[in-house]
Amino acid sequence: MLDADPATARGRLRGIFGAGAGSADSPYVRNYRRLGYDDADVSNGHSDRLIDDILAWGDEAAVAARLAAHLAAGAGHVLVHPFAADLPAAVDLPAAVDQLERLAPLLTDS
């Protein structure tokens with residue numbers, strides 16, 4: 001999420017959980033529990049700790065650093081999925097293509 005404001009970024013990311021990943025018996029919640037998150041983390045829109053641990057948000061440099069950290073920790077690949085209403089344009093979020101263009105210079109090997 002390319003948004004440096006913690007409240008705004010986390011609020012938008014919580015919307016993802018509201019779209020099906022948050023029911024008490026979902027595979028996502030079961031996996032979060034296996035990873036050590038508790039009831040407080042997986043209920044009521046999910047805790048800041050959970051949001052911050054599993055999703056990247058901030059400016060371009062912060063998001064790129066989080067993605068690089070996953071790779072450095074041993075991930076074979078990391079999904080970059082910008083959140084936008086559509087590819088070319090969005091009302092309240094930068095278009096997905098715009099977000100990828102902003103991140104690309106920080107994610108490609110020279």
Let me check something: any side-chain donor-acceptor pairs from residues 65-75 under 3.5 Å, sequence neighbours excluded? List them with distances.
{"from": "Arg66", "atom 1": "NH1", "to": "Asp52", "atom 2": "O", "distance (Å)": "2.8"}
{"from": "Arg66", "atom 1": "NH1", "to": "Leu55", "atom 2": "O", "distance (Å)": "3.1"}
{"from": "Arg66", "atom 1": "NH2", "to": "Asp52", "atom 2": "O", "distance (Å)": "3.3"}
{"from": "Arg66", "atom 1": "NH2", "to": "Asp53", "atom 2": "O", "distance (Å)": "3.0"}

Closest non-hydrogen atom pair between Ser47 and Ala40, with its separation: CB-O, 4.0 Å
hydrophobic_cluster_shared for Val63 and Leu106, side chain cutoff 4.5 Å: no
Straight-line distance of Glu60 CD to Gln99 CD, nearest 0.5 Å: 9.5 Å
Partners passing salt bridge (Lys or Arg N to Asp or Glu O under 4.0 Å) against Arg30 (at least two apart in sequence or in another chain): none
For Arg10, the option from Leu50, Ile51, Asp3 that meets side-chain contact (heavy atoms from CB on, under 4.5 Å): Ile51
OH-CD1 distance between Tyr37 and Ile54, expressed to the nearest 0.5 angstrom: 6.5 Å
Those residues that, when tested against Asp5, pass salt bridge (Lys or Arg N to Asp or Glu O under 4.0 Å) (two or more places apart): none
Nearest-0.5 Å distance that lies between atom CG in Asp48 and atom CG in Asp41: 10.0 Å
Nearest non-hydrogen partners of Ala62 and Trp57, listed with the distance: CB-O, 4.1 Å
Test side chain to side chain contact (heavy atoms under 4.5 Å, CB included) applied to Arg33 and Asp39, step by step: CA-CA 8 Å; Arg33 289 183 189 286; Asp39 288 340; 2.7 Å; yes
